[in-house]
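A short worksheet on the structure shown next.
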Amino acid sequence: MDFVSIHTWITTLVRKAMPELPDVEVFRQHAEKHAMNKTIRGVAYNDAGKLLKSPEQTISRALKGQKFTRSSRTGKHMFLKTGEDRWLAMHFGMTGYLKYWKDTDKRPDFSKVIIGFEEGSNLSFVSKRKLGEMKITDDPEDYRRENGLGMDALDIPFSEFRKSLEDKRGSIKNVLMDQSRVSGIGNIYSDEILFQEKWHPKQRFEKLDEEALRSLHKTIHRVLKTAINRDARPSDLPANYLLPNREEGKKCPACEGKISKIKINGRGVYFCPDCQKL
DNA sequence: AGTACCACCTGACGGC
DNA sequence: TGCCGTCAGGTGGTAC
């Protein structure tokens with residue numbers, strides 16, 4: 001193994017916190033497993049800056065002395081209930097994640113907000129950059145409406161899927177990532193879905209027929225579910241998936257071709273030009 | 001309406 | 001070793 005391969009291998013291993021739907025679902029499960037029904041002693045803020053969309057005081061007041069009693073998620077947004085009509089809403093931007101920890105030497109770097117429980121453990125909102133958000137809302141459903149979020153990509157039945165996209169036009173890549181129609185799919189997983197469906201990213205969405213739409217809907221569900229079952233670690237996805245090989249020039253897992261990279265709206269898009277023809 | 005591009009932020013990495 | 005340019009999975013706004 002040469003140096004470049006070793007380097008790629010290491011970055012693949014340590015790469016984490018890719019907050020699209022599967023990642024946020026794993027954060028939610030992590031919170032559900034560790035952080036529920038424990039009395040909150042207080043909240044500490046560390047360079048949280050513009051992450052906070054509610055004042056520190058509002059967040060602290062909503063959490064202190066309370067317990068998280070429920071969790072929910074829509075797309076890439078997650079919610080923890082702290083009281084009657086009080087929910088902590090979180091979005092993780094490009095680098096955020098949640099981490100439950102006990103010993104001080106386990107505190108993650110870049111813990112922007114630390115929720116401390118009376119028993120001595122903590123839940124960190126970790127983010128290297130300040131692109132995510134945290135706020136208090138009285139109802140996740142209102143929050144969803146206010147933010148113009150479409151139905152969750154994992155929950156949406158086919159009839160709703162078809163309806164919410166019926167007048168939609170443009171590249172299939174952009175359509176999949178439009179959070180106002182179907183929420184939760186980002187740049188990474190849209191690449192995987194298109195690879196599985198063998199659509200070129202620039203395929204016009206409006207050209208898809210009923211059968212193609214049905215297949216797309218099924219594949220969205222399958223890909224997201226598979227990722228969640230593997231803790232949203234791209235390197236653990238099945239061998240016939242694109243994501244473990246999402247790198248320019250790498251061998252396509254389905255044919256003898258090589259993976260290409262193009263730009264769409266300034267985002268890096270990876271696909272196999274032999275499998276995914278326009 | 002769809003697309004391109006910039007801005008928001010800041011760490012990580014490659015090249016020199 | 002260090003400086004500098006480039007890039008990154010998020011969203012939102014603007015201009016065409």
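Below, all heavy atoms of this structure are taken into account, side chains as well, without hydrogens, waters or symmetry copies. We name chains A, B, ... by the order of the sequence lines, and we start the count at 1 in each one.
Rounding to whole angstrom units, CG of residue A:Asp109 and C1' of B:dT10 are separated by 14 Å. Between the P atom of C:dG9 and the CD atom of A:Glu192 lies a distance of 15 Å, rounded to the nearest Å. The CD1-P distance, from A:Ile188 to C:dG9, rounds to 6 Å in whole Å. Computed from coordinates, the A:Glu247 CD to B:dC13 C1' distance equals 13 Å when rounded to whole Å. Separating the CE atom of A:Met94 from the C1' atom of C:dG9 is a distance of 5 Å, rounded to the nearest angstrom. Rounded to an integer number of Å, the gap from A:Asp167 CG to B:dA1 C1' is 10 Å. When the P atom of B:dA1 is taken as reference, atom CZ of A:Phe205 falls 16 Å away, rounded to whole Å. Atom OH of A:Tyr270 and atom P of C:dC7 are 10 Å apart (whole Å).
Within the hydrophobic cluster formed by Ile, Leu, Val, Met, Phe, Trp and Tyr side chains joined at under 4.5 Å, directly or through other members, A:Ile262 is accompanied by A:Ile264, A:Val269, A:Phe271.
Side chains of A:Lys130 and A:Asp47 form a contact here, defined as non-hydrogen atoms less than 4.5 Å apart. Within the 4.5 Å cutoff, no side-chain heavy atoms of A:Tyr270 are placed close to those of A:Asn245.
For the residue pair A:Gln196 / A:Thr219, no side-chain donor-acceptor distance below 3.5 Å is found, with atom types taken as modelled. Side-chain N/O atoms of A:Lys173 and A:Asn187 include a donor and acceptor closer than 3.5 Å.
Expressed to the nearest 0.5 Å, how far CZ of A:Phe205 lies from CG of A:Leu165 amounts to 4.5 Å.
Put simply, A:Leu216 and A:Leu154 are part of the same group of oily side chains (I, L, V, M, F, W, Y) that touch within less than 4.5 Å, one to the next.
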Pairing pattern in dot-bracket form [Watson-Crick, G-U; both distances under 3.5 Å; | = partner strand] for DNA chain C:
.|||||||.|||||||
Protein N or O to nucleotides 3-5 of chain B N or O, pairs below 3.5 Å:
unit_1 : atom_1 : unit_2   : atom_2 : d
B:dT3  : OP1    : A:Ser171 : N      : 3.1
B:dT3  : OP1    : A:Arg204 : NH1    : 3.0
B:dT3  : OP1    : A:Arg204 : NH2    : 3.4
B:dT3  : OP2    : A:Asn174 : ND2    : 3.2
B:dA4  : OP2    : A:Asn265 : N      : 3.3
B:dA4  : OP2    : A:Asn265 : OD1    : 2.3

Considering only nitrogen or oxygen atoms on both sides, find all protein atoms under 3.5 Å from nucleotides 11-14 of chain C and state each distance.
unit_1 : atom_1 : unit_2  : atom_2 : d
C:dT11 : OP1    : A:Lys76 : NZ     : 3.3
C:dT11 : OP2    : A:Lys76 : NZ     : 3.3

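Taking the six-membered ring where the residue is Trp, A:His77 and A:His91 present tilted rings, their angle falling between 30° and 60°.
Applying the side chain to side chain contact (heavy atoms under 4.5 Å, CB included) criterion to A:Ala48, with sequence neighbours excluded, gives A:Leu52, A:Lys112, A:Val113.
Using a cut-off of 4.0 Å between Lys/Arg side-chain N and Asp/Glu carboxylate O, A:Glu141 and A:Arg144 are scored as salt-bridged. Ionic pairing of A:Glu210 and A:Arg162 is present here: one or more N-O contacts between side-chain nitrogen and carboxylate oxygen are shorter than 4.0 angstrom.
Here B:dG2 is the nucleotide among B:dG2, C:dG9, C:dC7 with the atom lying nearest to any side-chain atom of A:Lys168. In this structure, the nucleotide among B:dG2, B:dG11, B:dT10 sitting nearest to the side chain of A:Phe110 is B:dG11.
Distance check on atom P: B:dC9 versus C:dC4 gives 22 Å, rounded to whole Å. For the C1' atoms, the distance linking B:dC6 with C:dT6 amounts to 16 Å, nearest Å.
Proximity of A:Lys128 to the phosphate of B:dC9: no side-chain N or O atom is located under 4.0 Å from OP1 or OP2.
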Quiz: residues 25-38 of chain A side-chain donor-acceptor pairs under 3.5 angstrom, not counting sequence neighbours:
unit_1  : atom_1 : unit_2   : atom_2 : d
A:Glu25 : OE1    : A:Arg28  : NE     : 3.1
A:Glu25 : OE1    : A:Arg73  : NE     : 2.8
A:Glu25 : OE2    : A:Arg28  : NH2    : 2.9
A:Glu25 : OE2    : A:Gln29  : NE2    : 3.1
A:Arg28 : NH1    : A:Ser71  : OG     : 2.8
A:His30 : NE2    : A:Tyr100 : N      : 2.9
A:Glu32 : OE1    : A:Ser71  : OG     : 2.4
A:Lys38 : NZ     : A:His34  : O      : 2.5
A:Lys38 : NZ     : A:Tyr100 : OH     : 2.9

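Nucleic acid contact class of A:Lys261 (heavy atoms, under 4.0 Å, all strands): sugar-phosphate only.
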